[in-house]
Each structure stands twice: as structure tokens, then as C-alpha cells.
J.: 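Mind looking over this structure? Questions follow.
One is the number of the first residue; the rest follow in order along the sequence. Hydrogens, waters and symmetry mates are skipped; everything else that's a heavy atom, side chains included, is used.
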Amino acid sequence: MNNRFITVSIGLLFVILCPLSPAQEVSTIPEMTAGNFFGVGARAMGMGGAHIASVLDGSALYYNPAALAKIRRIEMQAGISHQSLDNSTDGISGFYSEGYGDISQSNTRLNCLNLSIPYPTYRGSLVFAFGLNRVKSFDQAFRHVIPDEADTDKTVYAEESESGSLYALSAGAGIDISPKVSVGASLNYYFGKDDYYWDYREENIDTYIHFRDNIEDSYQGISAKMGFLVTPGNRVKFGLTVESPVYYNIDEEFVQRTQSRGTNDDIQAGRYEYDLRTPFKLGAGIAVNLNYLQLSADINYADWSQMEYQDDPLLESENLYIDNFYRDALGFSIGAEYLIPRVGLKLRAGFMSDPLPWDYGIDISTNRLAGRKVIDDRRFFTFGAGYLIDRIMTLDIAVVFGGYKFEDVSTNIVEDYDLTRMYITTGFRL
């Protein structure tokens, strides 16, 4: 949900709901490209995503291009991911839909496909890499029902379904500039689709309204990423990454249908195009090797209040909303990997905090509360395992559990998400 057409759609819902929610106003819908880290590779996600300094495979193209210089053999990496989500929704002005507001969704998709090629050098290391990685998920779902027994003289049904991915097609290289320092860079072309569906129905003795909204957004964007890796000794590594703003072009097609009792469908369709710039993203990490045990930790920072729409006067007016109702996000990850000697099995665990970029406060245009109040931020516990087969093939598995909870303060609707993700990645070394 990322543009004015969806804002209008949800606004129509809230206008309809105003008898149930007096003195409430409409808030702009959050931009789906803000935050939304999904995770690349089973080894990384088994360690809580803490991979800036500890990455050892082709996913370095995403986490830290400088670490590509540590790859010594040609390597091909491929993986898939699966996500299941459950959303429970409560609250519209004191009415609750316990049991009626539960909805689930699941998807399985390609997660990563990377190729790393070391180039022969007289001294040090130079490695080129090419890859396709799923970096963001647009999957989410919403349902809210006020049944007959709620004694509101009406039945209300609202359901939202959103599904899609943002992929990064990348080319990069890492090089040792000294025995202890490596640098790297990648160029990233982002692309993907977001399929959105909204269905709202309200019915009582005198009124019937049915509203449906189908939207498909196609994304294209570019960015560059720089990485640094410092290895002062055999046991400690430090990493640093900087990604430039991503410049997106979003092409949208929409169909909106409205039906009232005794009338035919009112159908509106069209196409819209707009540009979006996201902020710089910074990351830093440390990895400590203690014989059979490796510990790692990352921090990541982005100020999402600096995100802005561009080249469209209508949407640029929404940049004030971004300034007021988005916040900076400082996330962190910690992870551990333990090698069981003589077996070749690696066990992993981690924790990841990935803050939601939303904020809330007074909308100066209405002098009322607007935005989203974060109740429980995104937090995930992760577990994984990896095995090296015949010294040429790796098999890694990770499972991630977590969720988040927030309230739309303009409607008093509370959404509680529970997420389960699974990653399976295999690599071949030639």
C-alpha cells in the first residue's frame, strides 16, 4: 500500500465507518518499501541476520561486498524461503471482532541465486559476483468483521490481501587492498511487483455498500553499496557498509468497483506513475572466532523520515506527512554458530530487532491524532543448521519466529502479526 490511490480507497472505508468511529480522520497508508527487511540466505538468518562481518558465501553481495574477497573458490548459491503469517485484528470504537478478525497467508518464493568467481591475482584476492536476491516482502493480510450479534444494526466485513516481492539484481566485486583490509562495491537494480486487493462490505436494513479495489504496482530502482572489512587478527573481523538512496519508479494500474443496493457497479480504472527516493542505509558488524564457536553482531540504521516522493506535485505534498509520521530506525542482530568437531555440523541461533519505521502524532491539517502507534516492534528469534557435504556442497536451513503489533490511532484498529519463516540454501564450490 504505497500511494494516493490506496489512501483514497482506505479513506472511503473510514468515511463509511465514521458512525462507528466518531471524530476520527483518515491517515495516509505506509509506504511498503520503508524497512521491510526479509533476509537473504539460510546461514545468515540462522544467526539472526548478523552477517556484515561474518558472511562467508555469495550472500556477501547483499550483506557486505567487501567480504567477497574472502571467497577462494568459484561458488554457486541458491535458496528458497517460505513465510506464514497470522494477523489478528481488534477494535473499532469499542466493538471487537474476536475470532472474526483472524486471517492467515503463506508464500514460498526464490530467496537467493548468487555466483562468485575469484580472479587469479599475484597477491591478495579479487572476486567478482553476480546475484539475484529477494530483499523485501510485501506479503500481509487484514480482516475485520463486525457481525450481527455486535448489536450495531449493521454487518461490516473488511478484508485486505497484499502479496509480492522486491528483488535485487546485483553485480559486485571485493578486493584485498592490504593483508588486513578488504573493500567491495555492488550495483543493484531493484524490481518487483506488489499485488493488492481490498474488499469492504456494509449491510443493514436500508443500506448495502460493496467496495473492491485491485492494485498492481511494478517497481524499478537503482542503488550502489560500498563495503569494508578489517581483519586485525585471526579471531576478530569488523565490517562497515553504506548503501546509497534507492531511486524507485513505481508504475501502478488500478481497478476500483463500487456497488450500492439497486445499482450497477461503478467501475473506475487507470494507470499512475510516481517516483520515490529512500534514505541512506548504514551498517556495522563484528565477528569473533573462538575456535569452534563464532559470535557476530550487527547494527543497521536508516532515517525513514528522509524518504520522499519526487517529480509529482500531487504526491510531493505527502512528504510533509512522511516528515511527521516516519521515524529513524536503529536495528540490531546478534548470532552464534557452533561447529561440532568431526561431524561437520554447524548449529546456529540468533536474535534480530528490526524496528518499524512508523510514528504517530497530531496531524496539523486536522488537529487530530494520526499515524501508527507501535505497540510491539518487530523482533525475531532464529535457529539454523548447516552441513558441508564432500567439501564441495553446503546445505543450510534456518527457521525464524517473531512478529509485531501496532495501532492505527485514527481508527483505533489494532493489528497483531505472528510470522514464521523458513530458509533453505545450498551452495556448490568448484
J.: Assess Lys346 against Tyr292: is NZ or CZ under 6.0 Å from the centre of the six-membered ring, and within 45 degrees of the ring's axis?
T.: no

J.: Between the side chains of Asp199 and Arg201, is the shortest nitrogen-to-carboxylate-oxygen separation below 4.0 Å, so that they form an ion pair?
T.: yes

J.: Does a donor on one side chain and an acceptor on the other come within less than 3.5 Å for Gln294 and Glu337?
T.: no

J.: Show the nearest heavy-atom pair for residues Phe37 and Arg421, with the distance to one decimal.
T.: O-NH1, 3.8 Å

J.: Could you tell me whether Lys405 and Asp376 have a side-chain N and a carboxylate O separated by less than 4.0 Å?
T.: no

J.: Could you check whether Thr425 and Asp396, counting side-chain N and O atoms only, form a donor-acceptor pair closer than 3.5 Å?
T.: no

J.: Is there a donor-acceptor pair closer than 3.5 Å between any side-chain N or O of Thr278 and the backbone N or O of Val246?
T.: yes

J.: Counting distance only, does the side-chain N/O of Ser296 pair as donor-acceptor with the main-chain N or O of Ala50 below 3.5 Å?
T.: yes

J.: Is Ser59 reaching over with its side chain to a backbone N or O of Val55, donor-acceptor style, under 3.5 angstrom?
T.: no

J.: Please tell me whether Tyr360 and Glu407 have a donor and an acceptor in their side chains that are separated by less than 3.5 angstrom.
T.: no

J.: Is it the case that the side chains of Ser104 and Asp86 hold a donor-acceptor pair, with the cut-off being a distance below 3.5 Å and no angle test?
T.: yes

J.: Please tell me whether Asp328 and Tyr301 have a donor and an acceptor in their side chains that are separated by less than 3.5 angstrom.
T.: yes

J.: Between Asn87 and Asp102, does any side-chain donor sit less than 3.5 Å from a side-chain acceptor?
T.: no

J.: Does the side chain of Ser410 pick up a donor-acceptor pair with the side chain of Arg372 at under 3.5 Å?
T.: no

J.: Can a salt bridge be assigned to the pair Arg257 and Asp266 using a cut-off of 4.0 Å between side-chain N and carboxylate O?
T.: no

J.: Ignoring hydrogens and geometry, is there a side-chain-to-backbone donor-acceptor pair from Thr426 to Leu395 under 3.5 Å?
T.: no

J.: Can you classify the ring geometry of Phe325 versus Tyr321 as parallel (below 30°), tilted (30 to 60°) or perpendicular (above 60°)?
T.: tilted

J.: Does one side chain, of Asn249 or Glu273, offer a donor that lies under 3.5 Å from an acceptor on the other?
T.: yes

J.: Under the criterion ring-ring contact (aromatic ring centres under 6.0 Å, His included), I'd like the reasoning laid out for Phe351 against Phe381: C-alpha separation, chi angles, the key distance, then a yes or no.
T.: CA-CA 5 Å; Phe351 174 80; Phe381 291 94; 5.1 Å; yes

J.: Let me confirm one number: the OH-CZ distance from Tyr338 to Arg348, rounded to the nearest 0.5 Å.
T.: 14.5 Å

J.: Does any donor atom in the side chain of Gln310 or Asp275 lie under 3.5 Å from an acceptor atom in the other side chain?
T.: no

J.: Are a donor atom and an acceptor atom from the side chains of Asp139 and Ser163 found within less than 3.5 Å of each other?
T.: yes

J.: Rounded to the nearest 0.5 Å, what separation is found between the CG atom of Leu132 and the CG atom of Leu169?
T.: 6.0 Å

J.: Do Thr241 side-chain atoms and Gly227 backbone N/O form a donor-acceptor pair below 3.5 Å?
T.: no

J.: Would you say the ring centers of Phe254 and Tyr272 fall short of 6.0 Å from each other?
T.: no

J.: For Thr89 and Arg143, indicate whether the former's side chain and the latter's backbone hold a donor-acceptor pair under 3.5 Å.
T.: yes

J.: Show the numbers, then the answer: is there a side-chain contact (heavy atoms from CB on, under 4.5 Å) between Met47 and Ser54?
T.: CA-CA 10 Å; Met47 300 174 66; Ser54 62; 4.3 Å; yes

J.: Look at the side chain of Thr382 and the backbone N and O of Gly46, then say whether any donor-acceptor pair between them is shorter than 3.5 Å.
T.: yes

J.: Taking the six-membered ring for Trp, is the centroid-to-centroid distance between Tyr404 and Tyr417 below 6.0 Å?
T.: yes

J.: Atom CD1 in Ile71, atom OG in Ser116: separation rounded to 0.5 Å?
T.: 3.5 Å

J.: Check this for me: does any side-chain nitrogen of one of Asp377 and Arg327 sit under 4.0 Å from a carboxylate oxygen of the other?
T.: yes

J.: May I ask you to check if Arg134 and Phe38 form a cation-pi contact, with NZ or CZ under 6.0 angstrom from the six-membered ring centre and within 45° of the axis?
T.: yes

J.: Do Phe142 and Ile103 have side chains that approach each other closer than 4.5 Å (heavy atoms only, starting at C-beta)?
T.: no

